[in-house]
Q: 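Take a look at this one; I'll ask things after.
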Amino acid sequence: MVDQFTSGSQPANTGSFEELVTSGRPFVDKTAFLKSLLYSGGEVTQLLRPRNFGRTMSMDMLASFVEMNYQAPDDRSRQENLFQGLDVLKDQELCNDFMGRYPVVSISLGGVGGTGFSEALQSMLSQLRKLLAKFSFLQDSPKQSDEIRRSLCNRLRICTEKNFALLSEINLRTAVNVAKSSLNLISKTLFREYGRRSMIIVDDYDVPLQQATAHGYYDDMLRIVVGMMGSAMKGNNNQENCFFTGCINIAHQSIYTGFNNYITLGHRDPRLAGLMGFTREETAKLLRECGMEERLPEVIEWYGGYNIAGTELLCPASVMRFIADAKAPGSSPATFPPHCYRNITSEREIIETLISRQDDNDSETLQSIINGNSEEIDPSQFTTYPLITTRTDLGTTATLLLGTGCFTLDPEKKPQDSYNLMIRIPNREIRCCFKSVADQLFSAHNPAWLEQAGRLRDSLFDGTTEEVEDVINSMLMTYIAFSSTSHESYYQGFLTGVLGLVSSEDVTVSSIPESGNGYSAITLQRKSDLKAVIIAYKESADARFVTMDNVCDKALEQIQASSHNFQLKQDKCREILKYGIAFTGRRCKVRKADPE
């Protein structure tokens, strides 16, 4: 089912299933997947999906379906109204077994973070406050002991008090205990109240760990996440089923040790493959209902290409935002251009690490992926966020980026090693995200890159050939090209981009395109001392030194015969330094002409 689009409404990126269904916004009916989710066979089920794929919405849909009416436990009218006309109501057996039958203890950790541990802990208390406030009526229940009623009251006070965890060391320890044990206590209290075991949901369990890695308090946060999930999901006789979502599986850090009947549904597991994300058919129907069916090819090119266990999917958040923007007042649905909606703030550090700390083989592999190809990686089975700062091999970072949706699997290509994976960038939106990071890294905004560009300029004018070669080789190791035109030379883009960063009123840089002989050139002129540099360069056919030396010699011959050399003499340059450069892969060879 797809609801009719309401012109001018906001994008349907809400995490509330009820708000989505009742708002008049377009949506895709995923309720048929509730049967497979609830009959998945695990007491504890982990769902791994990329960011912006509807994890929070899926968990809220689950909660909305199974959650009981706490004031009238046998009343299921809310679900009957909310799910009216949706696929799940066609399954009477499922509805009889689950609809409105269970207490639900649900928390999202997606907003938990901070620059320090105490700040992050305080943000976790804020999330717990919502949960404790929801069940505050239990504080007055005669079925609960005085001890439990006092505990619930104190926990709500602690989570409500501003900056409680920041005030003292004692408060910090108290807050840690509250964070670890509250899910268990609430499920215990609900069982005592209703005689029914709870469904426990933890959404975005790994976000606090990523935030903690970025700011140096990973071990402290890990202990809280392990304690929270352990007390709620290990040996908790008051839980019926537990579901938790995230991007990656970090099982080797003891988070899941001791879980009973625990299963993981990840990128290669066909069960529930279509639960999150839009299929091509769902997207086509959605666009048709919105009067935008002709935009399907563009939408797939920009927001599709994801592969979950063989199912081709589009990013739902980006699709919905594009539709909303295209249908907004003043926009033309037929011509509104696709945009990059993906916010990669959380992945930026990982992408920066991937680009800036490569070895020679990784550089070639990453450039190939950027160019639109699929490449084989050795996956890091249980990647952890801290490994990204200490292990920077392509397999480790690519596995994490696969989890977040910056890479996807390519099922049409087979790896040479059956354990390995073939990965690619899924679409234009994600490629734009990579480009935005690269544009920052290879610009004047990156002091380290700018400093290397200055060294290259100075060594060219100083005539220190070895220094020129060393700097270029060092910079090539990390440089990633996003050519705007198909005929633009990788090396031309590299040299003109780097030297253009350090041009000034005193130093002018001019690029001279290839003129039929295979050699391109760049000139630099420094007004203050009337010095000039001419560089002719070409890609070498192979990496043998004799071949590269030959390419350099021919480049110098080309400079000697060129009009550019004559023009610099006409400009009365006092000294003209001439360089021939041969490039191959991520290496170069530099030779300088003898002084005239």
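Counting from 1, the numbers follow the sequence of the chain as shown.
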Q: Checking Met59 against Phe243 for the side-chain contact (heavy atoms from CB on, under 4.5 Å) test, could you report, in this order, the C-alpha distance in whole Å, the side-chain angles of both residues, the deciding distance, and whether it holds?
A: CA-CA 8 Å; Met59 291 299 97; Phe243 302 89; 4.0 Å; yes
Q: Minimum heavy-atom separation for Ser58 to Met276, with atom names?
A: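 Heavy atoms of Ser58 and Met276 come nearest at OG-CG, 3.4 Å.
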Q: Do Arg76 side-chain atoms and Met99 backbone N/O form a donor-acceptor pair below 3.5 Å?
A: yes
Q: Can you check whether Asn241 reaches Val44 side chain to side chain, under 4.5 Å on heavy atoms?
A: no
Q: Between the side chain of Ser123 and the main-chain N/O of Ala120, is any donor-acceptor distance below 3.5 Å?
A: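 Pair found, side chain donor or acceptor close to backbone of Ala120.
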Q: Output the distance between atom CD (Gln239) and atom OG (Ser198), rounded to the nearest 0.5 Å.
A: 9.0 Å
Q: Please check: side-chain N/O of Lys30 versus main-chain N/O of Gly277, any donor-acceptor pairing under 3.5 Å?
A: yes
Q: Over 60° means perpendicular and under 30° means parallel, so classify the ring planes of Tyr194 and Tyr70, tilted if in between.
A: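 Aromatic pair Tyr70/Tyr194 classed tilted.
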Q: May I ask you to test the Tyr306-Glu312 pair for a side-chain heavy-atom distance under 4.5 Å?
A: no
Q: Kindly give the heavy-atom pair with the smallest separation between Gly405 and Pro50, and that separation in Å.
A: CA-CB, 3.6 Å
Q: How long is the span from the CG atom in Leu62 to the CD1 atom in Ile201, to the nearest 0.5 Å?
A: 4.5 Å
Q: So do the side chains of Glu375 and Met422 get within less than 4.5 Å of each other, counting heavy atoms only?
A: no
Q: Between Asn171 (side chain only) and Phe164 (backbone N and O only), is there a donor and an acceptor less than 3.5 Å apart?
A: yes
Q: Determine the minimum heavy-atom distance between Ala179 and Ile224, stating which atoms define it.
A: CB-CG2, 4.0 Å
Q: For the residue pair Phe407 and Phe434, categorise the inter-ring angle as parallel (less than 30°), tilted (30 to 60°) or perpendicular (more than 60°).
A: parallel
Q: Show your working on salt bridge (charged side-chain N to carboxylate O under 4.0 Å, His left out) between Asp220 and Arg223 and close with a plain yes or no.
A: CA-CA 5 Å; Asp220 289 329; Arg223 281 190 285 271; 2.5 Å; yes
Q: Do the side chain of Asp203 and the main chain of Ile107 share a donor and acceptor less than 3.5 angstrom apart?
A: no
Q: Given the rule in the side chain to side chain donor-acceptor pair (under 3.5 Å) test, do Arg129 and Thr160 qualify, once you have shown the distances and angles that lead to the verdict?
A: CA-CA 6 Å; Arg129 177 187 58 78; Thr160 303; 5.0 Å; no
Q: Can you name the closest pair of heavy atoms from Ser182 and Arg155 and give their distance?
A: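 For Ser182 versus Arg155, the nearest heavy atoms are OG-NH1, 2.9 Å.
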Q: Test your reading of the model: is there a side-chain donor-acceptor pair from Tyr262 to the backbone of Thr45, 3.5 Å cut-off?
A: no
Q: Got a sec: does the CD of Glu147 have more than 12 other heavy atoms crowding it under 6.0 Å?
A: no
Q: So among Arg55, Arg51, Arg49, which one has a salt bridge (charged side-chain N to carboxylate O under 4.0 Å, His left out) with Asp204?
A: Arg55
Q: Test your reading of the model: is there a side-chain donor-acceptor pair from Ser126 to the backbone of Gln122, 3.5 Å cut-off?
A: yes
Q: Could you tell me if the side chain of Ser106 sits less than 4.5 Å from the side chain of Leu131, heavy atoms only?
A: no
Q: Could you check whether any side-chain heavy atom of Val178 comes within less than 4.5 Å of a side-chain heavy atom of Met124, counting everything from C-beta outward?
A: no
Q: Between the side chain of Asp206 and the main-chain N/O of Leu209, is any donor-acceptor distance below 3.5 Å?
A: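 Not confirmed, Asp206 side chain does not pair with Leu209 backbone.
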Q: Any chance you could lay out the ring-ring contact (aromatic ring centres under 6.0 Å, His included) test for Phe17 and Phe83, step after step, and finish with the verdict?
A: CA-CA 10 Å; Phe17 179 76; Phe83 290 87; 5.1 Å; yes
Q: I'd like to know whether Asn238 forms a side chain to side chain donor-acceptor pair (under 3.5 Å) with Ser187, so could you lay out the CA-CA distance, the side-chain angles of the two residues, the decisive distance to 0.1 Å, and finally the verdict.
A: CA-CA 6 Å; Asn238 304 301; Ser187 65; 4.7 Å; no
Q: Please verify the inter-ring angle class for Phe322 with Tyr303; under 30° counts as parallel, over 60° as perpendicular, anything in between as tilted.
A: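 The rings of Phe322 and Tyr303 sit tilted, inter-plane angle from 30° to 60°.
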Q: Are Ser374 and Ile423 side-chain neighbours, meaning at least one heavy-atom pair lies under 4.5 Å?
A: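 No, side chains not in contact.
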Q: Looking only at atom types and distance, does a side-chain atom of Ser136 sit under 3.5 Å from a main-chain N or O of Ala133, one as donor and one as acceptor?
A: yes
Q: Are Glu67 and Arg101 within salt-bridge range, i.e. N to O under 4.0 Å?
A: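 Salt bridge: no.
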Q: Checking salt bridge (charged side-chain N to carboxylate O under 4.0 Å, His left out) for the pair Lys90/Asp29: CA distance, chi angles, key distance, verdict?
A: CA-CA 13 Å; Lys90 299 174 184 177; Asp29 181 6; over 6 Å; no
Q: Nearest 0.5 Å please: distance from the NZ atom of Lys35 over to the CZ atom of Phe65.
A: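 These two atoms lie 11.0 Å from each other.
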Q: Tell me, with the steps shown, if Glu376 and Lys413 meet salt bridge (charged side-chain N to carboxylate O under 4.0 Å, His left out).
A: CA-CA 9 Å; Glu376 183 172 346; Lys413 303 289 180 62; over 6 Å; no
Q: Please step through side-chain contact (heavy atoms from CB on, under 4.5 Å) for the pair Leu354 and Leu394, ending with a clear verdict.
A: CA-CA 7 Å; Leu354 179 62; Leu394 183 62; 3.2 Å; yes
Q: Can you tell me how far CD of Glu161 sits from CG of Leu167, rounded to the nearest 0.5 angstrom?
A: 6.0 Å
Q: Hey, is the main chain of Val66 close enough, under 3.5 Å, to the side chain of Gln79 for a donor-acceptor pair?
A: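 Pair absent, no side-chain N/O of Gln79 close to backbone of Val66.
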Q: Between Tyr205 and Leu109, which heavy-atom pair has the shortest distance, and what is it?
A: CA-CD1, 4.1 Å
Q: Between Cys406 and Ile430, which heavy-atom pair has the shortest distance, and what is it?
A: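 Looking at all heavy atoms of both residues, the shortest contact is O-CG2, 3.2 Å.
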Q: Just verifying a value: how many Å separate Gln139 CD and Thr189 OG1, rounded to the nearest 0.5 Å?
A: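 Those atoms lie 10.0 Å apart.
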Q: When you compare the side chain of Tyr341 with that of Asn52, does any pair of heavy atoms fall below 4.5 Å?
A: no
Q: Please report the interatomic distance SG(Cys153) to CG(Leu132), rounded to the nearest 0.5 Å.
A: 10.5 Å
Q: Show your working on salt bridge (charged side-chain N to carboxylate O under 4.0 Å, His left out) between Arg342 and Glu429 and close with a plain yes or no.
A: CA-CA 7 Å; Arg342 177 71 182 266; Glu429 180 180 43; over 6 Å; no
